[in-house]
Amino acid sequence: MSGSPGLLHGEPARLAIGFVAGFLLLALVPALVWPGCRELFGTASAGDAAATFARKVEASALASLVGMLAVGGLAVVVRPGVPLRPLPLPRTAFAYAAWLPLWALLVALYLLVLHAAGGRIDAQEPLRYLAYETASAPAYWLVVATAVIGAPLAEELLFRGFLQPLLEPRCGRVLGIGATALLFGLGHGLAYALPIGLLGAFFGWLVQRHGSLLPAIVAHALHNAVTVAAMVAWPPLFDWMYPR
């Protein structure tokens, strides 16, 4: 019987396999290598909560980086639905610089409402580590590399490389970007779903506008770098955003 290919045929099947396999790699590979990473970084002395937290974050960063690199390897085997077409980096930097003030304002309003309602957001552990640990710590730059390079590459491959081009032909461009952004936000936790989802929508727009995954990866890396730099340079901002 003739007819158009279904979800499990051709390009849609490849994208679906890429997304599911990438998701599993990000979830399972770090768990598999975690014991070895934990042993590599050792344990702190009993009663030293700060050192225990630091060693945990450092080991988690290495384990996560292995999973992120596995997603990069997957993208070599299962080609994403959007090419990594090179574009002039200043165009991406300018677009992100234009978007950042609006996003920062929306996040500030979100946090003001949340704090007024008695709610709070817990800082992600790598960000808390980078905000309070010294840059001379042996694994400090490993945590930076995981946040600024590994995470943007793996997450953009997964969400904008596989999921968004899978959804757009079925939902339309706007809903495809929106649904991908929603799942991207929820993947960072319910409390982060709105601000991170809005950020994901911007990354999705970059991909759709330029027909390339590279602008989203670069903008994502820039955003994570700016976030880390702001929290490290201005600790009161970190304390306001994430009251303890």
Side-chain angles (χ1 to χ4, degrees), residues 5 7 9-26 64-65 67-104 144-188 195-229:
L7 180 62
H9 295 81
E11 176 83 352
R14 181 172 58 79
L15 295 175
I17 289 170
F19 178 74
V20 172
F23 184 86
L24 291 175
L25 285 174
L26 279 182
S64 297
L65 187 58
M68 293 165 184
L69 291 174
V71 174
L74 171 71
V76 175
V77 178
V78 183
R79 181 172 50 85
V82 183
L84 281 166
R85 183 180 300 118
L87 290 171
L89 293 183
R91 291 173 61 184
T92 300
F94 178 79
Y96 174 70
W99 163 260
L100 180 59
L102 175 60
W103 183 81
V144 171
T146 302
V148 175
I149 300 174
L153 176 62
E155 291 178 358
E156 292 311 311
L157 284 170
L158 185 62
F159 286 95
R160 258 64 65 177
F162 291 118
L163 183 60
Q164 185 169 311
L166 176 65
L167 296 179
E168 280 188 357
R170 288 151 183 79
C171 305
R173 290 184 173 181
V174 173
L175 286 180
I177 291 174
T180 302
L182 175 62
L183 292 174
F184 177 67
L186 290 172
H188 288 77
I196 299 299
L198 291 173
L199 194 64
F202 171 67
F203 297 151
W205 174 81
L206 282 176
V207 169
Q208 191 255 359
R209 176 177 175 81
H210 297 291
S212 171
L213 198 57
L214 189 60
I217 294 173
V218 171
H220 195 155
L222 280 173
H223 177 78
N224 287 10
V226 167
T227 300
V228 169

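The shown structure was predicted, so the numbers you read here are calculated from the model rather than taken from an experiment.
Proximity of Leu166 to Phe19: side-chain heavy atoms (C-beta onward) are nowhere separated by under 4.5 Å.
Pairing each heavy atom of Ala75 with each of Pro80, the nearest pair is O-CD, 3.6 Å. The heavy-atom pair separating Val207 from Leu213 by the smallest distance is CG2-CD1, 4.0 Å. Between Pro12 and Arg170, the shortest heavy-atom contact is CG-NH2, 3.0 Å. For the residue pair Gly176 and Leu167, the shortest heavy atom distance occurs at CA-CB, 4.2 Å. Residues Leu15 and Gly161 approach most closely at CD2-O, 4.0 Å, considering heavy atoms.
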I'd like a table of donor-acceptor pairs (distance under 3.5 Å, sequence neighbours excluded) in which one partner is a side-chain atom from residues 197-206, with atom names and distances.
none

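Evaluation of the side-chain hydrogen bond (donor to acceptor under 3.5 Å, both in side chains) test over residues 92-102, restricted to residues two or more places apart or in two chains, returns Tyr96-His223. Listed by first and then second residue, the salt bridge (charged side-chain N to carboxylate O under 4.0 Å, His left out) pairs that reach into residues 147-159 are Glu156-Arg160, sequence neighbours excluded.
By the side chain to side chain contact (heavy atoms under 4.5 Å, CB included) test, Val78 pairs with Arg14, Leu74, Phe162, sequence neighbours left out. With sequence neighbours excluded, the residues that form a side chain to side chain contact (heavy atoms under 4.5 Å, CB included) with Thr146 are Ala61, Ser64, Leu65, Met68, Leu142. Judged as a side chain to side chain donor-acceptor pair (under 3.5 Å), and not counting sequence neighbours, Gln208 has no contacts.
Separating the CD1 atom in Ile177 from the CZ atom in Phe159 is a distance of 15.0 Å, to the nearest 0.5 Å. Atom CG of Leu214 and atom CG of Leu84 lie 6.0 Å apart (nearest 0.5 Å). Atom CD of Glu168 and atom CG of Leu175 lie 10.0 Å apart (nearest 0.5 Å). Note that CG of Leu158 and CG of Leu25 are 9.5 Å apart. Values are rounded to the nearest 0.5 Å.
Between the Arg85 side chain and the Gly211 main chain, a donor and an acceptor come within less than 3.5 Å of each other.
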